[in-house]
Amino acid sequence: MPSINVSKRQLQTLLQSDQHQTSVSTPLGNMMLEIQGDLELPRQWSEDQRFTTIDKEQLVRWGLLHIDPSRNNAILFVGRKQRLLGSLVKLDTPLGLIKFNQQDGIVEMQDIFYYKVLFKSRPLPIM
Amino acid sequence: DEIRIWVRYKEGFSDAVRKNVSWSSLWS
Amino acid sequence: MSLNLHERLSIDRSFRLLHLTPELLEVLKDPNSKLQFKAAGNDEDDGDVVLCSREKTWLLRQKNHSNTTMLMHEFTSEQETPLETTFGLPSPMSDFAGFARTTFEYETKEVSGILNVESIPIHNGSSDFPPADGRDLPVKSMDDLLASSACSEKECLLQWGQLGGCVIKGYPCILSSDFLTKALHVTLMSAMAESLNFSRLRLGETFDAVNKDIDQESNPYTIDVIKTILEKYGEKVKDDDDCWQLNQKKVAVWYGIRALKKYASQSSIPPAEFLIKWKSTFPPYAPFDIEIEMLRGWFFRPTGSSLQYLPKNTLPSDIKERFMMLFKLQSQWDMDDIVPFVEELNSKGLKIDVFLMKYARKRRVGKKVIISSR
């Protein structure tokens, strides 16, 4: 019967200081973004200013997120043509972010989300 | 603009399906 | 506040989101605690995955959903990002990169852990256990047992004690019913002979009492066996790891079930006669109080008040068929007599009255509640 311990090494300082997420991103710099729909993005590199390489990772810039912290409102601009309205939402149950590293045979809880940015309305065109 | 960056909206939201988890699905 | 959003071209599929209930959060916050994912069963894909702390077990349930969830991490962009002036917004303050997407979450439901005793041998006290080097024993230690059970350590030890589990030369086994009975009998007699206090039985003293005047070569009542007896028929005294209080009712019920099996299997027996027989099975001068009601769930009354042995494992596991058989054996039941035979099949946890009414008729006769078939 297989079994594996969950490492909480990365979380330790966080848990002991009782710090947790109170806004868009967690104290460890993670964010959870949710869209009611499929987000289509390119998977191939292209010579375009939206494509960059950071620490050997190839990235594509796809959007701009604007948050009004006083009202927890959010606007998400997707590509050049779409605009979504949403909000910062408190999760009913906090979610642990866990990585199952098959190569090293390690399971690690890396962070805890208490909020997510949620977009459930139909995208609007950008005027 | 050949680079497609787009949200295909879904009218509803569903999350009713629940099933038990197998060991192999943790790692796949 | 504005943020640039990016995503990696190659997504990491090794991330999962896990529901953290208040109990799980408490476990995480405790620096001495540990959490472990386990899968029940013997093959890799056989059983369901559970999460165990030292004391509790949670079943994982995958909840799929139809939204796109992106998990993102803040980073510092080396390049100056060209301003998107289209939107008339403040310049972005930072950059986030999506590193994973998920379309499901793992819910966590607290459940009772189940000890996996499938491969544990039954030991009847014979001297040839364990075999040399534990040959042919699939479970070679308590650690093995715990690793193969979808169960926390605390639940494992509790269930192990109740089952009559024993560790002989490091190898887990379960003492047979007959061996348990003999070992219990010898323990009680020896404890009484040495005037030991049933409320404070120490392992060492009890073992010494049992083994006084026994030839050690053929002695099956090792210290491990005595420990099993104390665990099964007693309760650990608070704050004293080596001391048990005998549970007199548990002992009396054990003897009672054996007495029912011996004297009331083939035919029924009047209760007064049974009480005498039951008492006679105890060691002489044993101070245990007995009442027929203690044995509810082990007998039925075929005629009037006489008793006949009825083990649950001979009854159908389908609830309707079980009720049918019970009414065939006895047309009317006192509610308190029938409940122990059916409550294990109340899988939805309904109030017992409501549960009974689904399958039977209930009526009051004086102070009693009588259950009969519909």
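Both backbone and side-chain heavy atoms feed into the values below; hydrogens, waters and symmetry mates do not. A quick note: this is a predicted structure, and the numbers were derived from the prediction, not measured.
A salt bridge links C/Glu7 with C/Arg101: the distance from a Lys NZ or Arg NE/NH1/NH2 to an Asp or Glu carboxylate oxygen falls below 4.0 Å. Between C/Glu23 and C/Lys56 there is no salt bridge, since none of the side-chain N atoms of the basic residue sits less than 4.0 Å from a carboxylate O of the acidic one.
With a threshold of 4.5 angstrom between heavy atoms, C/Glu105 does not approach chain B through any atom at all. Looking at C/Leu59, only its side chain comes within 4.5 Å of chain B, counting heavy atoms on both sides. Both the backbone and the side chain of C/Arg61 come within less than 4.5 Å of a heavy atom in chain B. For chain C, the nearby parts of B/Lys19 are the backbone and the side chain; heavy atoms of each come within less than 4.5 Å. For a residue to count as touching a neighbouring chain, one of its non-hydrogen atoms must lie under 4.5 Å from one of that chain's; by this rule C/Phe104 does not touch chain B.
For C/Leu71, the side-chain contact (heavy atoms from CB on, under 4.5 Å) test picks out A/Met32, A/Leu97, A/Phe113, C/Phe15, C/Leu17, C/Thr69, C/Phe99, C/Ala100, C/Thr102, with sequence neighbours left out.
Using modelled atom types, one finds a donor on one side chain and an acceptor on the other under 3.5 Å when comparing C/Asp12 with C/Ser14.
Here the side chains of C/Leu60 and C/Asp48 are not in contact, with every heavy-atom distance at 4.5 Å or above.
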